[in-house]
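Chain naming here is simple, since letters A, B, ... match the order of the sequence lines and numbering starts at 1 in each. This structure is a prediction, so every number in the text was calculated from the model and none was measured.
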2 protein chains.
Amino acid sequence: MFSIGQLSKATGVKVPTIRYYEEIGLLPQPGRNAGNQRRYGQDGMDALGFIKHARDLGFSLEDIKALMGLDGHLGDDCAEADRIARSQLANVRDRIRKLEQLASELERISHLCDGGNGGCCKVLTALGDHSQCAGEHG
Amino acid sequence: MFSIGQLSKATGVKVPTIRYYEEIGLLPQPGRNAGNQRRYGQDGMDALGFIKHARDLGFSLEDIKALMGLDGHLGDDCAEADRIARSQLANVRDRIRKLEQLASELERISHLCDGGNGGCCKVLTALGDHSQCAGEHG
DNA sequence: TCTTGATGCTCTAGTGACTAGAGGCCCTAC
DNA sequence: GTAGGGCCTCTAGTCACTAGAGCATCAAGA
């Protein structure tokens with residue numbers, strides 16, 4: 001049996017976050033000891049590990065709820081799990097594409113100040129004027 | 001003179017968002033007409049354009065507030081504007097790096113289901129088990 | 001056994017950057 | 001004059017937490 005603090009240390013999820021996950025129904029309510037403190041078993045540990053990993057992979061809590069709801073009964077739901085994973089991959093790729101455009105735009109803006117000399121505050125002008133941008137962004 | 005709706009159409013910033021920017025002190029309070037409706041001039045349009053572009057580039061409202069505060073008096077502040085832009089660039093590059101790790105991880109997970117056959121729900125197992133990951137992420 | 005300090009509990013409120021809705025006033029075109 | 005769109009303020013909700021108040025409980029040492 002683990003206390004919430006031990007669970008926190010083991011998984012790297014902060015204590016208030018664990019309570020928050022319980023509150024929104026993502027983590028099942030654990031048993032309590034005589035003093036009303038939460039006591040978790042291995043299943044609680046596993047569930048929280050699953051959530052942590054999926055969060056690190058950028059899944060929303062909504063996605064994770066869906067994935068965990070599926071976990072019990074496999075079969076067809078496998079397709080659903082795969083769909084969620086793939087849609088998340090597409091999402092991540094899209095974000096990368098957009099961020100790359102932003103990076104090149106920011107590089108351009110930063111170079112305006114390279115010398116540190118005279119008309120240097122083109123940085124502010126460039127930020128204010130989208131028409132100077134090379135490509136699309138936003 | 002523009003109404004808030006005209007400003008919204010011209011800049012692509014939604015009406016409630018414009019009011020929100022005003023509320024938090026990012027946009028100066030515009031004049032009002034006899035019926036208490038906001039009326040903007042070209043300076044309001046420019047300010048909102050600046051904010052919109054900077055937001056599209058991923059700057060926080062806090063950053064933008066700093067950049068706009070600097071706008072009046074150039075000189076030394078140029079260095080500050082450049083610092084903010086460069087730190088934003090570093091930030092974006094870092095996010096790209098992390099997302100690329102996530103993408104490769106998600107690709108690996110998705111491939112577990114390629115056949116659509118038998119032991120397909122390795123997707124859920126993989127999501128739950130960080131030790132299967134190739135590299136670092138999160 | 002007593003004490004002390006860490007850990008735990010619940011509850012409320014705050015974060016950033018908006019978004020949605022209620023309930024009402026104003027403006028413009030016909 | 002009237003219809004319908006736009007505008008006003010205010011409150012509350014979103015996501016995924018985070019911080020703090022004020023109190024209870026637990027474990028280890030004296």
Closest-nucleotide 5' rank along DNA chain D - winner of A:P16 and A:N36:
A:P16
Would you call B:I18 and B:L7 a side-chain contact if the rule is heavy atoms closer than 4.5 Å?
yes
Rounded to the nearest 0.5 Å, what separation is found between the OG1 atom of B:T11 and the NZ atom of B:K14?
12.0 Å
Rounded to whole Å, CG of A:L61 lies from P of D:dT18 at a distance of 11 Å
Looking at A:K65 and A:G25, would you say the former's side chain and the latter's main chain have a donor-acceptor pair under 3.5 Å?
no
Report which part of the nucleic acid B:R39 touches: base, sugar-phosphate, or nothing (heavy-atom distance under 4.0 Å, all strands).
nothing
Should A:T17 be listed as having a side-chain N or O under 4.0 Å from OP1 or OP2 of D:dA16?
no
For A:R19, report the nucleic acid contact type (base, sugar-phosphate, nothing); a contact means any heavy atom under 4.0 Å.
base
Tell me: CD of A:Q37 to C1' of D:dA24, nearest whole Å?
8 Å
Search all heavy atoms of A:R39 against all heavy atoms of A:P30 and return the closest pair with its distance.
O-CB, 3.6 Å
Any side-chain N or O of A:S60 less than 4.0 Å from the OP1 or OP2 oxygen of D:dC15?
no
CG of B:L7 versus C1' of D:dC8: gap in Å, rounded?
16 Å
Contact under 4.0 Å: B:K14 side-chain N or O vs C:dT19 OP1/OP2:
yes
Taken to the nearest 0.5 Å, the spacing of B:R19 CZ from B:I4 CD1 works out to 4.5 Å
Quick one: B:Y20 OH to D:dA12 C1', roughly how many Å, whole number?
15 Å
Using whole Å, what does the distance between atom C1' of nucleotide D:dG6 and atom CD of B:Q6 come to?
11 Å
For A:I4, answer base if it contacts any base atom (sugar-phosphate contacts may also be present), sugar-phosphate if it contacts only those atoms, and nothing otherwise; contact means non-hydrogen atoms under 4.0 Å.
sugar-phosphate
Which whole-number value in Å describes the distance from A:E23 CD to D:dT14 P?
12 Å
Length of the CD1-P vector between A:I24 and D:dA16, whole Å:
8 Å
How close or far is atom P of C:dC26 from atom CZ of B:R32, stated in whole angstroms?
13 Å
Both A:Y21 and B:R38 contact DNA chain D. Which one's nearest nucleotide lies toward the 5' end?
B:R38
